[in-house]
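This report concerns only the one structure given below.
The analysis underlying the following values was restricted to heavy atoms, covering all of them including side chains, and did not include hydrogens, waters or symmetry mates. Letters A, B, ... mirror the listed sequences (proteins, then strands); counts begin at 1.
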Amino acid sequence: MINEVEWEIKKGFVPDMRVPGRFFLSEKLCETLEEGALNQLANVATLPGIIKNSLAMPDIHWGYGFPIGGVAAFDMDEGVISPGGVGFDINCGVRLIKTPLDVSEIGKIKRLITELFHTVPTGVGTKAEKKFSSGELDEIMLGGAGWVVGEGYGTKEDLIRCESNGCMKEAGTEHISTKARQRGMPQCGTLGSGNHFLEIQTVKEIMDEEAASAFGVSKDDVCIMIHCGSRGLGHQVCTDHLKSIEAATKKYKIKIPDGQLACAPVKSPEGRAYYEAMAASANYAWANRQLITHMVREIFTKIYKVEYEELKLVYDVSHNVAKYEEHVVDGIKKTVCVHRKGATRAFGPNCHDIPSDIANIGQPVLIPGSMGTSSYLLKGTMTAMEKTFGSTCHGSGRIYSRSKAKKDLSGLKIKEDLEKRGIYVKATSNNVIAEEAPVAYKSSSEVVNVVHRAGLSLEVARLEPLGVIKG
DNA sequence: ATGTCC
């Protein structure tokens with residue numbers, strides 16, 4: 001234990017650890033800590049070229065190879081890149097849009113949610129109304145949110161409010177399989193399933209007036225939160241590249257304690273191929289969230305007397321991505337390969353890639369709640385830059401398996417209970433509602449409380465749901 | 001997360 005919210009796993013917890021592990025957790029959340037996830041955190045510390053610490057946020061839970069809620073940075077020359085350190089849903093992320101409406105002006109939430117549910121394609125395997133051609137898919141994978149904005153699905157201001165301006169320049173389409181393309185083509189502009197959602201929220205509480213005002217949100221504002229990723233495309237890219245990276249692990253004689261930690265040297269052909277394809281998938285996810293934003297704006301202009309441009313993007317963050325970033329390591333600035341898997345970038349004031357008008361505040365950080373619970377807007381800090389390569393938590397963190405939730409809980413009852421609280425839920429099935437029940441997750445407020453106390457990001461505002469659509 | 005098994 002380093003302090004009341006920061007813990008260390010010493011070298012030797014598992015054999016061959018190169019650095020100690022560090023994780024952030026309150027005593028209250030300790031009972032949610034899975035032994036398997038802790039072992040995964042320690043396993044990551046055995047990988048070549050890992051810098052400083054293998055890290056985990058308070059929403060840590062067991063994942064594929066790397067724990068979800070994990071952060072790991074690797075040396076560009078000695079280090080590795082691993083698909084397991086990013087996850088299957090490449091650039092799964094969240095954006096928050098502020099409407100000009102006050103909560104008192106929203107009217108019948110059921111009508112709004114029903115309209116959104118019928119417009120935004122939702123659920124496993126769903127297709128978008130507009131199918132992009134193969135050439136357009138290339139533009140999406142190379143241009144991200146910027147390309148779809150150029151096609152009329154948004155405003156230039158939207159791009160400034162996206163992490164990396166909604167496009168990783170390193171993207172390449174050379175190592176995207178035909179299968180990945182086929183899965184991706186009909187799905188850009190769809191929400192997906194599982195924990196992905198579109199939620200109408202209201203700003204319930206402001207904790208930091210200065211930052212909230214700079215980010216453009218005030219109490220009682222109606223906002224929209226969109227949580228989705230790269231759909232079948234990212235999934236297929238991860239699957240494809242796991243195969244080539246597994247072969248590379250053997251080829252470069254990298255010793256790993258778990259097959260799911262397959263990795264390749266950052267600058268190896270296999271490592272670069274994965275990075276380019278992952279970046280292309282990340283761009284697809286930004287385009288996806290941008291297209292859904294467009295649909296939401298059209299509905300709001302239709303139902304309420306508001307202009308398209310009056311719906312402002314507050315910010316868009318990625319939860320699952322690997323990036324080459326500059327960080328200060330042992331007092332020296334250097335480029336490292338940061339993996340965030342179920343973790344959010346949380347750059348501090350005046351760091352790289354923060355919109356200039358809010359640079360002095362720090363990067364906006366968005367933490368979605370689980371269905372029916374609060375979501376949070378925070379700001380990044382220099383503490384995060386020093387301790388976690390500018391990273392914080394990404395959400396609440398699952399504590400019930402999907403199967404256990406489905407077995408033990410009734411989706412219908414949860415829906416009814418939420419409705420009694422004035423939260424209208426519309427989903428493709430009651431099973432999805434059971435899987436995503438609030439009790440299946442750690443409390444988002446407790447998770448956010450830990451990162452706030454640890455100083456990894458600071459609370460700016462709390463939002464509560466009014467209605468939600470789910471896959 | 002995911003055409004929840006090519």
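Straight-line distance from the CG atom of A:N91 to the C1' atom of B:dT2: 16 Å, rounded to whole Å. Taking atom CZ of A:R231 as the reference point, atom C1' of B:dT2 lies 8 Å away to the nearest angstrom. Atoms CD (A:Q182) and P (B:dC6) sit 14 Å apart, rounded to a whole Å. Distance, A:K404 NZ to B:dT4 P: 25 Å, rounded to whole Å. Rounded to whole Å, the distance from OH on A:Y284 to P on B:dT2 is 10 Å. One atom, NE2 of A:H235, and another, C1' of B:dC6, lie 14 Å apart when rounded to the nearest Å. In this structure, the NZ atom of A:K406 is 8 Å from the C1' atom of B:dT4, given to the nearest Å.
A:K179 comes within 4.0 angstrom of a nucleotide base, judged by non-hydrogen atoms across all strands. Residue contacts shown for A:Q187 are limited to sugar-phosphate atoms, with no base heavy atom under 4.0 Å away. Within the nucleic acid shown, A:S193 comes within 4.0 Å of sugar-phosphate atoms alone, with no base atom in reach, counting heavy atoms only. Here A:G229 lies out of heavy-atom contact (under 4.0 Å) with every strand.
The number of heavy atoms from other shown groups lying within 6.0 Å of NZ (A:K130) is above 12.
In this view, A:S134 and A:R181 satisfy the side chain to side chain donor-acceptor pair (under 3.5 Å) rule, not counting sequence neighbours.
A cation-pi arrangement is not found for A:K341 relative to A:F66, the charged atom failing to lie both closer than 6.0 Å to the ring centre and inside a 45° cone about the ring normal.
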Does the pair A:E436 and A:Y441 meet the rule for a side-chain hydrogen bond (donor to acceptor under 3.5 Å, both in side chains), with working shown?
CA-CA 8 Å; A:E436 296 302 317; A:Y441 288 89; 2.7 Å; yes
